[in-house]
Amino acid sequence: MSDKITFELDGRPVEAAMGESIWQVAKRLGTELPHLCYSPSPDYRADGNCRVCMVEIEGERVLAASCKRVPSSGMKVKTASERATTARKMVMELLVADQPPRETSHDPQSKFWNWAERIDVTESRFPAAARWIGDASHPAMRVNLDACIQCGLCLRGCREIQVNDVIGMAYRNHDAKIVFDFDDPMGESTCVACGECVQACPTGALMPAALLDEHQTRAVYPDRTVESLCPFCGVGCQVSYQVKDEKIVYAEGINGPANHNRLCVKGRFGFDYIHHPHRLTKPLIRLPNVKKDANDQVDPANPFTHFREATWEEALDAAANGLARIRDGKGVRALAGFGSAKGSNEEAYLFQKLVRMGFGSNNVDHCTRLCHASSVAALMEGLNSGAVSAPFSAALDAEVIIVIGANPTVNHPVAATFIKNATKNGAKLIIIDPRTQSLSRHAYRHLAFKPGSDVALLNAMINTIVTEGLTDEQYIAGYTEGFEELKAKIADFTPEKMAPVCGVPAETLREVARLYAKAKSSIIFWGMGISQHVHGTDNSRCLIALALITGQIGRPGTGLHPLRGQNNVQGASDAGLIPMFLPDYQPVGSVDLREPFEEAWGGPIDPERGLTVVEIMDAVHAGQITGLYIEGENPAMSDPDLQHARGALAMLEHLVVQDLFVTETAFHADVILPASAFAEKLGTFTNTDRRVQIGRPVVAPPGDARQDLWIIQEMGKRLGLDWNYPGPAEVFNEMARLMPSMDNITWERVEREGAVTYPVDDSVSPGNEIIFTTGYPTESGRGRIVPASVTAPDEVPDDEYPMVLSTGRLLEHWHTGSMTRRANVLDSLEPEAVALLSPKDLRRLNLWPGDFVRLETRRGAIEIKIRSDRDVPENMVFMPFCYAEAAANLLTNPALDPFGKIPEFKFCAVRVSRAEARAAAE
């Protein structure tokens, strides 16, 4: 049976694919029909309610909406008959009647007015309906219902694409209108500001506030657009930036492989940090009479105090000479470097090369140490690969989806939309987390286990699968090793024994284990709730074991996916910003693997592994490291036990910081080098799906700020390295020659195709989104199953500190806040530091939302405003770590996972009391 349908379109025979609409066929063949309620995006279903795309079908009494009508064999369709064109004009005239006149409309160049002009219907003979009142309650968007044609695109975008379920249609007859929640003002509704509705709206009824004139009534239009990427989380959304007068004024999602036109509040409205008045535009050198003090705080009004401006030559010489003096006087291991997961692959590669060749040691690390180091440790141990086995869009092919220790709607909102789409299509979602979350309402089960008992819960699931014979024996025999050791180890971890340990009923543990094992396709997503524990590697080992014993890996809809936190943490790790690995996770201690790098780089590489982030800070306190070069990282906010970290920064003999702002870390620097923001540079970035994508410069760096790649290269030259890379392409090509994972990926190919997923079989084949289909890149070709034991958190609650403190992110803010706190919309939405407690705990402690409390741990204390949150379990305090004025990491425990060397951010003991003095002052 043929999958093509032959029919007649405007007198000529044409073919349509199965399911292809008349509108799509006409468009493909060069005939574009008007459309307002229809989005060409494949993720939007056709609705057919605006009727401006109507066509005539011979023999049928009524006209058909071409966006919705699928042709049948032998059908005769006329797109330009007098009957069809007259009807379309009448529909447009009726719609124009209810619009403000074009000359005073909110968006005179909207899709609506452009089609009205093309149809030659810009005025109407019909009386206008009553005008709706505008809504300016949201800091990012404007609602102009007098321009609404009720096409339903915003509703479909909100409810079916992003699945946020905020927008609906309310009332009846001529009172019918689009509403937010229960007809609330948009700014007071549960809207999460993803902006999907704004991008979908064809009329200007929903608009970004940034595109309105000074009177906030009419649109202003950009001078140009540039296609690039989002600078925030690891999803890797492709974005079209709208630029006016050399400033970014708006961002729209484009149909990239990771985002399908979708964005979140950060990607759509968080771009203006690059234009903040506190941007560094000149190199700075610390004033000679200003000593460093760990207790000093950046002055928000004037962050440039303690520094003077310098020329680039002076600043680079001072920066490099100070590091060279320490290297030559105290030895190569007295220096260390922190690279950045916010920079490009080329910057990460060149930075680690500078530390290894210019400093002479492997003391180089970056933020992966603080987010997924334990996940990578377990994945390398078991599978010899630190990357995901399938993209997050694989959720659409899964029957069962497990999300554990992650909050994707907050941390990876666009990835979360694919999970929500999957549940609407029938997939069973299992959330495993002490806190509930907005994704929980889509879940088949939410397992709210006791914090810190991950291994007990996961081993109980493994026990069920093994004892009930739900394992995939053929897969175990063909592709794994270590199963017998696992089988013996988990014998005592019955659900009945583990239920009181993890707080989840035994029957629920069994049900979820059965669901996962029996499904044709199951996939696991995890986040820092798994990794940021002293037993984080054991947590990940359990997840790997689950996949291996059931064969739920290497096929569509299956796999293991640690959701990466920063936009290029995958690429920075691949490129070698890790103290124990050269690029592509090749151990520095291996002579055979080290030799190609030594030959290519023209010198020996220290065979001894370097120190990790927290180990470097300990070494500073011990007097072993006295010089540090930091590119784009902010350990004075991101490290655990910040007094310890800030004390180390203040102790350093020489600190060089390369960044966009005087961050809390840069405030301790001897030399600050003004760098380029994401939107100001050209380079490649690797997202959580292993997609290598091109980021293009949108605007130029401000003032005398320079490209990071240029700065790193200039530092290298002053440290004795004979470097001369004309640009990122040359760095990429060198990197690709030394990294097997980059085989068949060239700079030219990434530029041409926009995104290439590694591994790639040859120079023309698309990348492999799903890996481990025929085995593993281990010596034996098998995945190694590693059993895990229950290990208690390093610091458990007691009478003195009776509650648990856990840290994480907010939807509107990201990482340490150095970027998002300087983005106007994002900071307007979440402007002040808050700690979240359950309503029951508030009542027990005699507190009210908005009160100030004092949070104390064994490392420090802060005072902060509280918010009631039903998602937080009893006896827990949850804090975002992005607020410098109430830095959560002043409290967190620096205890490390022994394998991944990651701190235990997700668990420490805390005491909560009313902040009497602060309350009185307020």
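In terms of modelled atom types and a separation under 3.5 Å, the side chain of Asn875 and the main chain of Pro802 share a donor-acceptor contact. Checked by atom type and distance alone, the side chain of His533 never pairs as donor or acceptor with a backbone atom of Phe907 at under 3.5 Å. Here the side chain of Asn362 pairs a donor or acceptor atom with the backbone of Glu608 at under 3.5 angstrom. Judged purely by atom type and a 3.5 angstrom limit, Asp827 has no side-chain atom pairing as donor or acceptor with the backbone of Arg822.
At a threshold of 4.5 Å between non-hydrogen side-chain atoms, the residues Leu837 and Leu845 count as touching. With contacts defined as side-chain heavy-atom distances shorter than 4.5 Å, the pair Arg369/Val614 does not qualify. The side-chain heavy atoms of Ile430 and Leu447, taken from C-beta on, include a pair separated by under 4.5 Å. Residues Phe878 and Asp871 fail the side-chain proximity criterion, which asks for heavy atoms closer than 4.5 Å. Lys497 places none of its side-chain heavy atoms less than 4.5 Å from the side chain of Asn463. Using a 4.5 Å heavy-atom cutoff, the side chains of Leu335 and Ser361 are not in contact.
Between Arg911 atom CZ and Asp798 atom CG the span is 9.5 Å, to the nearest 0.5 Å. In this structure, CG on Asp841 lies 5.5 Å from CD on Glu874, to the nearest 0.5 angstrom.
With sequence neighbours excluded, the residues satisfying side-chain contact (heavy atoms from CB on, under 4.5 Å) with Pro231 are Tyr241, Tyr273, Phe678, Met819. Shown here are the side-chain contact (heavy atoms from CB on, under 4.5 Å) partners of Glu830, two or more places apart in sequence or in another chain: Leu810, Glu812, His813, Arg867, Tyr883. Partners of Cys367 under the side-chain contact (heavy atoms from CB on, under 4.5 Å) rule, at least two apart in sequence or in another chain, are Ala341, Gln566, Val569, Glu633, His815. By the side-chain contact (heavy atoms from CB on, under 4.5 Å) test, Gln297 is found to be paired with Arg646, residues two or more places apart in sequence or in another chain being considered.
Sorted by first then second residue, the side chain to side chain donor-acceptor pair (under 3.5 Å) pairs that include residues 886-902, not counting sequence neighbours, are Thr537-Asp897, Asp794-Asn893, Asn889-Thr892. For residues 528-542, the pairs satisfying salt bridge (charged side-chain N to carboxylate O under 4.0 Å, His left out) are Glu381-Arg541, Asp538-Arg541, with sequence neighbours left out.
Using a 4.0 Å cut-off between charged nitrogen and carboxylate oxygen, Lys330 and Glu653 count as a salt-bridge pair. A salt bridge is absent between Lys342 and Asp659; no separation between the charged side-chain nitrogens and carboxylate oxygens falls under 4.0 Å.
Side-chain contact of Ser789 with Lys489: a donor-acceptor pair under 3.5 Å is present, judged by distance alone.
Annotation for Ile431 and Ala443: closest pair CG1-CB, 3.7 Å, computed over non-hydrogen atoms.
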- Tell me, with the steps shown, if Asp606 and Arg333 meet salt bridge (Lys or Arg N to Asp or Glu O under 4.0 Å). CA-CA 10 Å; Asp606 186 353; Arg333 293 196 178 94; 2.8 Å; yes
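The number of heavy atoms from other shown groups lying within 6.0 Å of CG (Asn289) is above 12.
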